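One structure is given here, and the rest of the page talks about it.
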Amino acid sequence: MAAPYRHKEVEEKWREHWEAQPVNVDDGKKPKYYCLDMFPYPSGNGLHVGHWRGYVISDVWSRYKILQGYHVIHPMGWDAFGLPAENYAIKMGVHPAKSTAENIANIKRQIKDIAAVYDWDMEVNTTDPAFYKWTQWIFVKMFKAGLAYEKEMPINWCPSCKTGLANEEVVNGKCERCGSEVTKKNLKQWMLKITKYADRLLDDLDKLDWPEKVKKMQTDWIGKSYGAEVEFPIEGRDEKITVYTTRPDTLHGATFMVLAPEHALAASLATPETKAAVDQYIYDASVKSNVDRLQDKEKTGVFTGTYAINPLNGARVPIWLSDYVLADYGTGAIMCVPAHDDRDFEFAKKFDIPIIQVIAKDGQEIENMTEAYTEASGTMINSGDWNGMESSVLKKEAPLIIEKMGIGRKTVNYKLRDWVFSRQRYWGEPIPIIHCPDCGAVPVPEDQLPLLLPEVDSYQPTGTGESPLAAIDSWMNTTCPCCGKPARREANTMPQWAGSSWYFLRYVDNKNDEALVSREKADKLLPVDMYIGGVEHAVLHLLYSRFYTKFLCDIGVIDFDEPFIKLFNQGMITGKNGIKMSKSKGNVISPDDLVRDYGCDSLRMYELFVGPPELDSEWDDRGIDGVYRFLNRFWNMVQDNKDKGVAETGELIKLRHRMIADITNRLNAFSMNTVVSGFMEYNNKLIDLTKKGGVDKATLEAAIIMLSPFAPHMAEELWSQCGHETSVFDNTWPVYDENAMKDDEIEIPIQVNGKTRGVVTISADAPREDVLAAAKAALGSKLQGNVIKEIYVPRKIVNLVVK
RNA sequence: GCGGAUAUGGCGGAAUUGGCAGACGCGCCAGACUUAGGAUCUGGUGGGAGACCGUGCAAGUUCGAGUCUUGUUAUCCGCACCA
């Protein structure tokens with residue numbers, strides 16, 4: 001009687017064994033493959049089964065690559081600075097350093113339960129001074145390159161987190177972290193000039209093997225548009241108002257102009273008669289929150305009483321103020337062509353402003369216009385010299401025409417803003433800058449980095465716009481590195497994204513004290529070949545990392561300018577009814593109990609079996625029984641066969657090659673759920689064959705090797721039971737031979753008028769005539785009427801069209 | 001409002017890309033072994049008594065449609081006055 005499968009014993013045995021003898025070692029000859037997980041921030045809640053799935057997917061892929069002969073770089077680390085860690089620490093009343101360390105220990109234990117082939121020698125932690133030394137170093141380099149600058153302006157402010165936020169951290173007017181409504185606050189901030197890289201960030205998306213969805217999100221976020229700036233003189237003054245438009249072809253149709261209430265000229269345009277209303281409107285707009293402004297669909301506005309002159313045709317256009325024009329995009333002023341823009345149309349209707357059509361849709365003006373005609377397609381009308389031109393052509397040529405006329409210029413615009421980089425919080429990297437009354441902002445000398453985050457009595461946010469660090473005089477007071485006079489340190493810290501923007505570079509050289517990463521190791525081991533994580537960072541971490549990588553490439557630290565060649569977004573595991581797992585909802589499923597009851601291998605396979613890895617899946621504990629039974633049945637099947645010495649037969653060879661082909665093709669397609677069902681399917685066949693005489697060694701071992709990325713403990717144990725001294729991971733992935741898979745005889749379904757009516761078994765290479773004859777014979781009397789058409793798709797189907 | 005994704009048994013999901021829909025698993029039913037079964041094994045399981053009907057709904061293309069085209073509905077996600 002063969003031994004039954006006891007997951008606990010088997011898994012403990014091999015975990016100890018692998019600890020002593022790792023399966024993924026660099027012999028210096030193998031090609032590298034860098035498979036990376038998005039590193040976790042160590043929250044106090046630990047991991048749930050959803051986090052597990054991502055790590056299982058990346059581990060299966062890593063082990064598959066090991067079996068394909070790669071040295072796989074598969075590291076793990078901790079994104080431990082930032083708001084989540086700090087808020088958790090404040091809630092629990094302990095120092096963030098302490099709670100972070102505890103959380104890391106707990107999550108590390110959970111991650112070790114996955115039995116992933118992480119190389120813990122590469123571990124990094126963003127809060128380690130030896131790590132953030134380089135986070136600060138990058139900032140200093142950016143400062144020296146003119147990419148980090150200070151600016152005072154109204155920024156997004158989260159009143160709950162009590163800190164400024166980047167645009168990317170504001171979702172629907174709310175804080176990405178806590179969901180509070182974001183307000184504006186005027187603060188002097190450090191900014192990173194990510195806009196300088198806008199074109200490269202946009203163009204290089206083409207190089208990447210990323211989900212189209214993520215590329216589109218980044219494209220839209222960068223928001224490049226082509227158009228023209230046009231200068232409108234103000235009637236009776238020397239000043240001009242510059243507008244930005246993507247539709248200079250419609251310039252003759254501009255019947256009014258709108259400025260953002262925050263526009264520098266807004267107040268000065270009022271006449272004595274309109275002054276009170278204009279001032280009131282500007283005031284009202286200034287106190288409106290982002291959310292109010294987003295939700296007010298009904299257009300509001302006020303006429304300034306002043307006119308501008310259309311530089312193309314001299315027409316007088318009234319100047320209005322309205323908050324539907326954004327102050328920080330383009331020039332903060334627009335020309336309005338109500339006939340050809342939805343928003344301008346709505347505004348013109350509401351305030352009874354004339355509408356002039358300049359593009360003839362289908363050759364004629366639209367009568368009784370009820371909505372704007374916004375397409376750039378049709379013949380120009382009411383447009384002076386431009387009459388008769390095609391709008392789509394003119395749209396492209398107009399910027400240059402305008403430029404030649406001296407009334408404006410061709411230009412492009414981006415939605416992307418520079419990155420607000422200061423946070424008024426404690427738990428982050430101090431920004432390594434010293435403010436000197438004489439020399440201005442001076443970077444901390446590179447040889448003095450890291451600038452350590454000081455101990456502080458109260459690390460609670462002040463809410464005043466100052467970081468808690470500002471209260472520590474002993475730390476704040478220093479001397480200027482340039483002139484030696486007394487100076488003050490920068491009190492703000494960096495956002496959480498600072499460390500995560502470059503951590504993947506550090507893994508491969510994490511103990512280097514001389515450089516962020518040695519050029520030799522960077523050239524050999526980077527960049528990341530496969531990056532696996534959720535889609536929630538599409539315009540945050542993934543955009544910032546691309547920016548950092550391009551900068552580090554530009555200054556020669558590394559020789560590539562895209563960090564992640566391939567990106568895979570795994571779907572989310574949700575609770576019942578698709579509800580996101582969260583502690584407050586009480587629907588969090590911890591992997592810990594499942595590992596104890598079913599074993600690591602069962603949970604690994606079930607995580608994959610729940611559904612396609614790229615889609616969200618609802619978690620249901622009950623399904624794990626299915627993979628648990630499969631593993632037991634596979635185990636028993638191997639026990640039944642391993643010592644029998646069964647000779648291989650034609651049938652077994654055919655089955656083996658088909659099994660290898662099916663599993664390999666599904667795995668290459670990243671269809672992990674169907675790989676698992678494939679194992680079950682072939683296992684059922686092997687069990688059948690076991691009853692009919694047995695399964696040969698080569699087939700058993702092929703199955704065990706292919707199972708090893710999925711259920712590594714069981715595979716290693718069975719490999720050892722088959723008499724091998726070496727690890728199952730020392731093998732190479734099995735290969736299949738198309739010719740060995742072919743059947744001599746095949747079954748071909750027979751349809752009559754498209755409906756299946758029978759099946760015929762016939763030689764695979766039988767000629768068409770033979771197949772058709774056999775099909776008719778098989779149908780016999782069931783075939784009635786005249787056959788008017790005969791279709792035979794070789795090896796697939798017969799269809800007889802009968803009348 | 002714009003853009004994208006998804007829709008298949010009681011449930012999770014397959015379908016080699018236009019060729020026998022429902023693989024595999026859960027659940028359920030029956031049987032075997034058991035003092036016992038929430039263990040294991042064997043068989044069955046889309047609907048319908050039936051000819052037949054079945055992939056959100058309605059048309060279309062085709063010898064043939066879950067798959068392609070058009071329209072439509074629902075759910076989810078992203079963007080949301082970016083001129």
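This one's a predicted model, so the numbers in the text were calculated from it and none came from an experiment. Residue numbering restarts at 1 for every chain, and letters A, B, ... go by the order of the sequence lines.
Within 4.0 Å of D620(A), counting heavy atoms only, lies no atom of the nucleic acid at all. If you check every strand for non-hydrogen atoms under 4.0 Å, N684(A) touches sugar and phosphate atoms only. Counting non-hydrogen atoms under 4.0 angstrom, E790(A) reaches nothing in the nucleic acid. Using a 4.0 Å heavy-atom criterion, one finds that V793(A) contacts the bases of the nucleic acid, with or without backbone contacts as well. Across all strands, K576(A) comes closer than 4.0 Å to no nucleic acid atom at all (heavy-atom distances).
Side-chain proximity of T756(A) to the nucleotides rU42(B), rC20(B), rC24(B) is greatest for rC20(B). For F609(A), whose side chain is taken as the heavy atoms from C-beta onward, the closest listed nucleotide among rC81(B), rA23(B), rG25(B) is rG25(B). For R629(A), counting side-chain heavy atoms from C-beta on, the closest listed nucleotide (rU42(B), rC79(B), rC26(B)) is rC26(B). Side-chain atoms of I334(A) lie closest to rA83(B) of the nucleotides rA83(B), rA80(B), rC24(B). Nearest nucleotide to the V171(A) side chain, out of rC79(B), rC24(B), rC20(B): rC79(B). With distances taken from any side-chain atom of K691(A) to the nucleotides rG19(B), rU42(B), rG27(B), the minimum falls on rU42(B). Among the nucleotides rC41(B), rC63(B), rG25(B), the one closest to the side chain of K789(A) is rC63(B). Considering only the side chain of V325(A), rA83(B) comes nearest among rA83(B), rG25(B), rC20(B). Here the side chain of T674(A) is nearest to one of rG25(B), rC63(B), rA15(B), namely rA15(B). Distances from the side chain of Q751(A) to the nucleotides rG64(B), rC81(B), rA83(B) place rG64(B) closest.
A sub-4.0 Å separation between OP1 or OP2 of rA83(B) and a side-chain N or O of Y324(A) is absent. Taking 4.0 angstrom as the limit, K415(A) places none of its side-chain polar atoms (N or O) nearer than this to OP1 or OP2 of rC79(B). Between S225(A) and rA83(B), a side-chain N or O to OP1/OP2 separation shorter than 4.0 Å is present. The side chain of R757(A) places an N or O atom within less than 4.0 Å of a non-bridging phosphate oxygen (OP1 or OP2) of rC52(B). The phosphate of rU40(B) (OP1 or OP2) has no side-chain N or O of R633(A) nearer than 4.0 angstrom. In terms of phosphate contacts, N673(A) brings a side-chain nitrogen or oxygen within less than 4.0 Å of OP1 or OP2 of rA14(B). OP1 and OP2 of rC41(B) both lie 4.0 Å or more from every side-chain N or O belonging to N636(A). Not one side-chain nitrogen or oxygen of K213(A) sits closer than 4.0 Å to the OP1 or OP2 atom of rG4(B). For rG64(B), the OP1/OP2 oxygens have no side-chain nitrogen or oxygen of K796(A) closer than 4.0 Å.
Note on ring orientation: taking the six-membered ring where Trp is involved, the planes of F710(A) and F679(A) are perpendicular (angle over 60°, cut-offs 30° and 60°). Between Y628(A) and Y5(A), the two ring planes are tilted [angle within 30° to 60°]. Using the six-membered ring where Trp is involved, H537(A) and H541(A) have ring planes that are perpendicular, over 60° apart on the 30 and 60° scheme.
Cation-pi geometry between K685(A) and Y682(A) is satisfied (NZ or CZ under 6.0 Å from the ring centre, within 45° of the ring normal). Taking the centre and axis of the six-membered ring of Y324(A), the NZ or CZ atom of K299(A) falls inside the cone set by 45° and 6.0 Å.
The partner of rU62(B), taking Watson-Crick or G-U wobble pairs whose two distances both stay under 3.5 Å, does not exist in any strand shown. Across the strands present, rA36(B) finds no partner; the criterion is a Watson-Crick or G-U wobble pair with both atom distances under 3.5 angstrom. Using Watson-Crick or G-U wobble geometry with both donor-acceptor distances under 3.5 Å, rA15(B) finds no partner in any strand shown. Pairing for rA51(B) is absent, with no Watson-Crick or G-U wobble pair whose two atom distances lie under 3.5 Å. Across all strands shown, rG71(B) forms a Watson-Crick or G-U wobble pair, both distances under 3.5 Å, with rC57(B). Under the Watson-Crick or G-U wobble criterion, with both distances below 3.5 Å, rG3(B) is paired with rC77(B). The partner of rU42(B) is rA30(B), by the rule that a Watson-Crick or G-U pair needs both atom distances under 3.5 Å.
Summarising the geometry, the separation between NZ on K755(A) and P on rA65(B) is reported as 10 Å, rounded to the nearest angstrom. If you take CG of D220(A) and C1' of rC79(B), they are 7 Å apart, rounded to a whole angstrom. Atom OH of Y606(A) and atom P of rC24(B) are 18 Å apart (whole Å). Atom CE in M637(A) sits roughly 14 Å away from atom P in rC41(B) (whole-Å rounding). Protein atom CD of Q218(A) is 12 Å distant from nucleotide atom P of rC79(B), rounded to whole Å. To the nearest angstrom, P of rA80(B) lies 11 Å from CD of E168(A). Remark: C1' of rC77(B) and CD1 of I579(A) are 17 Å apart, rounded to the nearest angstrom. Between the CD1 atom of I687(A) and the P atom of rC24(B) there is a distance of 12 Å, rounded to whole Å.
Considering all non-hydrogen atoms of both residues, L269(A) and L259(A) come closest at CD1-CD2, 3.5 Å.
Between the side chains of T300(A) and Y281(A), a donor-acceptor pair is found at a separation under 3.5 Å. Between the side chains of Y544(A) and E168(A), at least one donor N or O sits under 3.5 Å from an acceptor N or O.
At a threshold of 4.5 Å between non-hydrogen side-chain atoms, the residues F609(A) and S602(A) do not count as touching.
Base orientation at rG10(B) is anti, since its O4'-C1' glycosidic dihedral falls outside 90° of 0. With its glycosidic angle more than 90° from 0, rU69(B) adopts the anti conformation.
Taking atom P on both nucleotides, rA32(B) is separated from rG37(B) by 12 Å, rounded to a whole Å. rU45(B) and rC11(B): their C1' atoms are spaced 14 Å apart (whole Å). Taking the P atoms as reference points, rU67(B) lies 15 Å from rG9(B), given to the whole Å.
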